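All values derive from a computational prediction rather than experimental measurement.
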Amino acid sequence: MPNSYYRLRFDTIIRELTDDDPAFVRRVNGLPHSRLRRRRLWAWLLWAAIPLLVVVGGWTGALIALIALAGSAVLWRGTGRIT
């Protein structure tokens, strides 16, 4: 747990930054949102490709479909996190 002095100093810096440059704060806050949309898009694309992989690829396609399913699950599950 950080020292209360450092916590107060950090809060002061954030407040001053928000007051001085709100456009910068909006841009920084928008970064995780765009990453979230991109991850969700990839998850949906992988999920949508699974039937095609199974139909066209036979047994090999079914194995690749399982990998795609796992990958889409990881992408979808990771969307709630900011990394």
Side-chain angles (χ1 to χ4, degrees):
M1 186 72 169
N3 190 336
S4 61
Y5 168 76
Y6 294 115
R7 165 93 50 205
L8 180 62
R9 182 67 185 135
F10 178 75
D11 291 339
T12 304
I13 291 170
I14 295 298
R15 191 175 328 108
E16 289 174 1
L17 180 63
T18 304
D19 293 341
D20 291 344
D21 197 357
F24 172 74
V25 174
R26 278 194 304 272
R27 279 194 316 266
V28 169
N29 286 338
L31 288 176
H33 183 66
S34 65
R35 189 177 302 147
L36 172 76
R37 283 187 295 164
R38 198 171 333 141
R39 285 181 140 194
R40 280 209 175 148
L41 174 66
W42 278 109
W44 275 106
L45 288 174
L46 280 173
W47 182 78
I50 290 172
L52 181 67
L53 287 169
V54 171
V55 170
V56 175
W59 288 105
T60 306
L63 291 175
I64 295 172
L66 287 175
I67 295 169
L69 181 66
S72 65
V74 167
L75 284 171
W76 190 264
R77 185 132 165 86
T79 57
R81 287 192 143 133
I82 299 175
T83 57

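Once rounded to the nearest 0.5 Å, the distance linking CG of Leu17 with OG1 of Thr12 reads 12.5 Å. Between the CG atom of Asp20 and the CD1 atom of Ile13 there is a distance of 12.0 Å, given to the nearest 0.5 Å. If you take CG on Leu53 and CG on Leu69, they are separated by 11.0 Å, rounding to the nearest 0.5 Å.
In terms of heavy atoms, Ala68 sits closest to Ile50 at CB-CG1, 4.1 Å. Of all non-hydrogen atoms in Ser72 and Ala43, the two that sit nearest each other are CB-O, 3.5 Å. Heavy atoms only, all atoms of each residue included: Ala65 and Val54 are closest at CB-CG2, 3.8 Å.
Ile14 belongs to a hydrophobic cluster whose remaining members, ordered by chain and number, are Phe10; membership requires side-chain heavy atoms of ILVMFWY residues under 4.5 Å apart, directly or through intermediates.
A cation-pi arrangement is not found for Arg39 relative to Trp76, the charged atom failing to lie both closer than 6.0 Å to the ring centre and inside a 45° cone about the ring normal.
Looking at residues two or more places apart in sequence or on another chain, you find a side chain to side chain contact (heavy atoms under 4.5 Å, CB included) between Asp19 and Arg15. Under the side chain to side chain contact (heavy atoms under 4.5 Å, CB included) criterion, Leu45 pairs with Leu41, Trp42, not counting sequence neighbours.
Looking at Thr60 and Ile64, their side chains come closer than 4.5 Å, going by heavy atoms from C-beta outward.
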